[in-house]
K.L.:
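Here you go, one structure.
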Amino acid sequence: MRLEDCKDDIVRVVVTEEQIKERLAEMGAQISEDYAGEPLVVVGVLRGAVMVVADLVREISIPLHMDWMAVSSYGDSTKSSGVVRILKDLNSDIADVNVLIVEDIIDTGLTLDYLKQYLEARGPKSVRIATFLRKPDAAQVDVPVDYVGFDIPNEFVVGYGLDYAEDYRHLNFVGTLAPHVYGG
């Protein structure tokens with residue numbers, strides 16, 4: 001879906017399709033360099049990170065395994081509740097391997113902080129974080145992030161995997177959602 005198909009719902013484009021492709025290629029190259037010769041499990045956080053993981057792993061030039069977790073702290077709201085629920089756990093044993101959590105967006109940091117500690121308790125060699133988007137002004141917890149696609153303002157955004165009530169995930173860009181859509 002393109003901007004012209006939903007222009008009344010989008011206030012402005014925050015990250016274009018071209019910017020996404022360019023930045024994920026850069027991140028993939030850096031991840032490949034950082035983990036060269038090391039076992040790597042990429043853990044995508046469902047559902048928002050599906051697009052990011054799919055495109056990012058194709059830019060990583062070293063062997064890797066992929067797994068998925070589903071966590072929730074939003075429901076149908078536009079703000080994180082701060083209560084993290086594990087909806088789907090890993091299928092892989094991550095003991096003694098490097099884990100790279102790939103997230104779509106970091107708002108408060110509460111979900112990622114919880115998830116990182118949760119996975120570290122399983123004895124991996126390392127746990128690092130890659131995020132497509134980060135909102136520094138929304139942070140409530142200082143979570144060390146190793147790879148950041150884009151820092152963005154504290155606005156409610158959709159597209160490229162990010163949703164509002166399960167809509168807009170399939171946009172090929174990231175845009176600020178118009179308040180009339182969510183009553184904000």
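As the structure is a prediction and not an experimental result, all values here were calculated from the model. Here, residue 1 is the first one in the sequence, and each next residue gets the next number.
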K.L.:
List the residues meeting side-chain contact (heavy atoms from CB on, under 4.5 Å) with Asp55, not counting sequence neighbours, and say none if there are none.
P.N.:
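For Asp55 the side-chain contact (heavy atoms from CB on, under 4.5 Å) partners, ignoring immediate neighbours, are Leu24, Arg58, Tyr160.
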
K.L.:
Residues two or more places apart in sequence or in another chain: which of them pass side chain to side chain donor-acceptor pair (under 3.5 Å) with Asp89?
P.N.:
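Asp89 satisfies side chain to side chain donor-acceptor pair (under 3.5 Å) with Tyr118, Arg122 only.
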
K.L.:
With Glu26, which residues qualify under salt bridge (charged side-chain N to carboxylate O under 4.0 Å, His left out), at least two apart?
P.N.:
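With sequence neighbours excluded, Glu26 shows a salt bridge (charged side-chain N to carboxylate O under 4.0 Å, His left out) to Arg23, given in chain and number order.
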
K.L.:
Quick one: list whatever passes side chain to side chain donor-acceptor pair (under 3.5 Å) with Asp67, sequence neighbours left out.
P.N.:
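If we apply the side chain to side chain donor-acceptor pair (under 3.5 Å) test to Asp67, skipping adjacent residues, the hits are Ser92.
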
K.L.:
For Ala139, give me all partners under side-chain contact (heavy atoms from CB on, under 4.5 Å), at least two apart in sequence or on another chain.
P.N.:
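Partners of Ala139 under the side-chain contact (heavy atoms from CB on, under 4.5 Å) test: none.
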
K.L.:
With a cut-off of 3.5 Å and sequence neighbours excluded, list every side-chain donor-acceptor pair involving residues 42-50.
P.N.:
{"residue": "Arg47", "atom": "NH1", "partner": "Glu166", "partner atom": "OE1", "Å": "2.9"}
{"residue": "Arg47", "atom": "NH1", "partner": "Glu166", "partner atom": "OE2", "Å": "3.1"}

K.L.:
Among residues at least two apart in sequence or on other chains, which ones pass side chain to side chain donor-acceptor pair (under 3.5 Å) with Asn98?
P.N.:
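Checked Asn98 against side chain to side chain donor-acceptor pair (under 3.5 Å); matches are Glu38, Ser126.
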
K.L.:
For the residue pair Phe150 and Phe132, categorise the inter-ring angle as parallel (less than 30°), tilted (30 to 60°) or perpendicular (more than 60°).
P.N.:
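Answer is perpendicular, since the angle exceeds 60°.
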
K.L.:
Looking at residues at least two apart in the chain, or sitting in another chain, which of them share a side-chain contact (heavy atoms from CB on, under 4.5 Å) with Ser32?
P.N.:
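With neighbours one apart ignored, the set is Ile60, Ser61, Ile62.
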
K.L.:
Can you pull out every salt bridge (charged side-chain N to carboxylate O under 4.0 Å, His left out) where at least one residue sits in residues 96-106? Sequence neighbours excluded, please.
P.N.:
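The answer is none; no pair qualifies.
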
K.L.:
Among residues at least two apart in sequence or on other chains, which ones pass side chain to side chain donor-acceptor pair (under 3.5 Å) with Asn154?
P.N.:
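Asn154 satisfies side chain to side chain donor-acceptor pair (under 3.5 Å) with no other residue.
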
K.L.:
Checking Asp146 now: which residues fulfil salt bridge (charged side-chain N to carboxylate O under 4.0 Å, His left out) with it, not counting sequence neighbours?
P.N.:
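Here the qualifying residues are Arg128.
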
K.L.:
Excluding sequence neighbours, so at least two apart, what forms salt bridge (charged side-chain N to carboxylate O under 4.0 Å, His left out) with Asp151?
P.N.:
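Testing Asp151 for salt bridge (charged side-chain N to carboxylate O under 4.0 Å, His left out), a comparison that skips the adjacent residues, returns Arg134.
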
